[in-house]
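Since the structure comes first, as structure tokens, the remarks are kept for the end.
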Amino acid sequence: NAGVTQTPKFQVLKTGQSMTLQCAQDMNHEYMSWYRQDPGMGLRLIHYSVGAGITDQGEVPNGYNVSRSTTEDFPLRLLSAAPSQTSVYFCASSSTGSGDYGYTFGSGTRLTVV
Amino acid sequence: AQSVSQHNHHVILSEAASLELGCNYSYGGTVNLFWYVQYPGQHLQLLLKYFSGDPLVKGIKGFEAEFIKSKFSFNLRKPSVQWSDTAEYFCAVTSHNNNDMRFGAGTRLTVKP
């Protein structure tokens with residue numbers, strides 16, 4: 001009964017480096033999304049996916065890429081890390097985008113870009 | 001796209017005080033409304049949700065929220081808070097026409113023992 005699993009939990013990057021944040025769910029949810037959480041700004045949607053092979057942009061997509069090759073996995077790629085991307089990143093999944101049963105969130109990845 | 005505003009950034013209460021956290025949304029269509037709680041160092045957990053029907057929704061841990069359509073509001077209430085309610089609370093909205101959940105900026109609640 002793992003739910004949504006995010007790795008790594010903590011990461012420090014240098015400016016310009018790239019990396020991939022991993023997200024996996026075992027609930028057979030079609031909908032998955034990535035948020036970043038910054039103090040005083042709540043959670044802002046980066047990208048989302050309504051099923052394998054289908055992705056779309058959210059509020060703050062610049063500097064991030066996603067792909068959805070399987071129902072289970074939804075990795076988030078930082079192409080060239082910048083200090084402005086220092087944040088806590090949460091992955092979420094749901095059976096539907098409108099959240100009929102609410103979203104299930106992962107435990108988060110705390111990313112620091114120096 | 002829909003948006004959410006939460007009126008209070010930080011609320012400080014003593015134990016047994018009553019709580020009301022404000023939430024307003026802007027969207028012209030049919031919406032689903034949520035309150036999530038985030039305890040220190042943890043991820044978001046669903047407190048309650050409203051989709052349709054009775055506008056007074058009861059959630060876990062004694063929380064409730066009232067949907068007032070004419071005011072575009074979905075305020076969270078609890079009659080008597082406990083120290084363990086210290087957390088950050090987020091209001092969120094989805095619509096029936098799109099596929100993303102939008103969050104408010106959050107309200108940090110501190111309950112003094």
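Lettering of chains follows the sequences in order, A, B, ..., and the numbering in each one begins at 1. Atoms considered below: every heavy atom in the structure, side chains included; atoms not considered: hydrogens, waters and symmetry mates.
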Item to complete: Mind running ring pair (Phe, Tyr, Trp, His ring centres under 6.0 Å) on B/Tyr36 and A/Phe105 for me, showing each step along the way?
Response: CA-CA 11 Å; B/Tyr36 285 85; A/Phe105 284 86; 5.5 Å; yes
Worksheet item: Taking side chain as C-beta onward, heavy atoms only, is B/Arg102 less than 4.5 Å from A/Glu59?
Response: yes
Worksheet item: Does any heavy atom of chain A fall under 4.5 Å from the side chain of B/Leu46, the backbone, both, or neither of them?
Response: side chain
Item to complete: Check the hydrophobic clustering (I, L, V, M, F, W, Y; side-chain heavy atoms under 4.5 Å; chains of links allowed) and say if A/Val50 and A/Ile46 are grouped together.
Response: no
Discussion item. Using side-chain heavy atoms (C-beta onward) and a distance below 4.5 Å, is B/Phe103 in contact with A/Gln37?
Written reply: no
Item to complete: Determine whether B/Phe63 and B/Ile60 fall in the same hydrophobic cluster, where Ile, Leu, Val, Met, Phe, Trp and Tyr are linked whenever their side-chain heavy atoms lie under 4.5 Å apart.
Response: yes
Worksheet entry | Contact leader toward chain B among A/Ala92, A/Gly108, A/Gly106, where contacts are heavy-atom pairs under 4.5 Å | A/Gly106
Worksheet, complete the sentence: Sequence neighbours excluded, the answer for side-chain hydrogen bond (donor to acceptor under 3.5 Å, both in side chains) partners of B/Tyr89 is none
Worksheet item: CZ of A/Arg110: more than 12 outside heavy atoms within 6.0 angstrom?
Response: no
Discussion item. At a 4.5 Å cut-off on heavy atoms, which part of B/Gln38 comes close to chain A: side chain, backbone, both, or neither?
Written reply: side chain
Worksheet item: Considering all heavy atoms of both residues, which atom of B/Ala105 and which atom of A/Gly40 are nearest to each other, and what is their separation?
Response: CB-O, 3.4 Å
Worksheet item: Roughly how far apart are B/His43 NE2 and A/Phe90 CZ, rounded to 0.5 Å?
Response: 8.5 Å
Fill in: Crowding at NE2, B/His10 (>12 non-hydrogen neighbours, <6.0 Å)
yes
Worksheet item: Under the side chain to side chain contact (heavy atoms under 4.5 Å, CB included) criterion, do B/Met101 and A/Tyr35 qualify, and how do the steps go?
Response: CA-CA 10 Å; B/Met101 182 176 288; A/Tyr35 290 85; 3.3 Å; yes
Fill in: Connected via hydrophobic side-chain network under 4.5 Å: B/Val37 and B/Val111
yes
Worksheet item: Of all of B/Val4, B/Val93, B/Leu44, which one pairs up most often with chain A through heavy atoms under 4.5 Å apart?
Response: B/Leu44
Item to complete: Can you sort out the partners of B/Ser70 under side-chain contact (heavy atoms from CB on, under 4.5 Å), two or more places apart, ordered by chain and number?
Response: B/Ile68
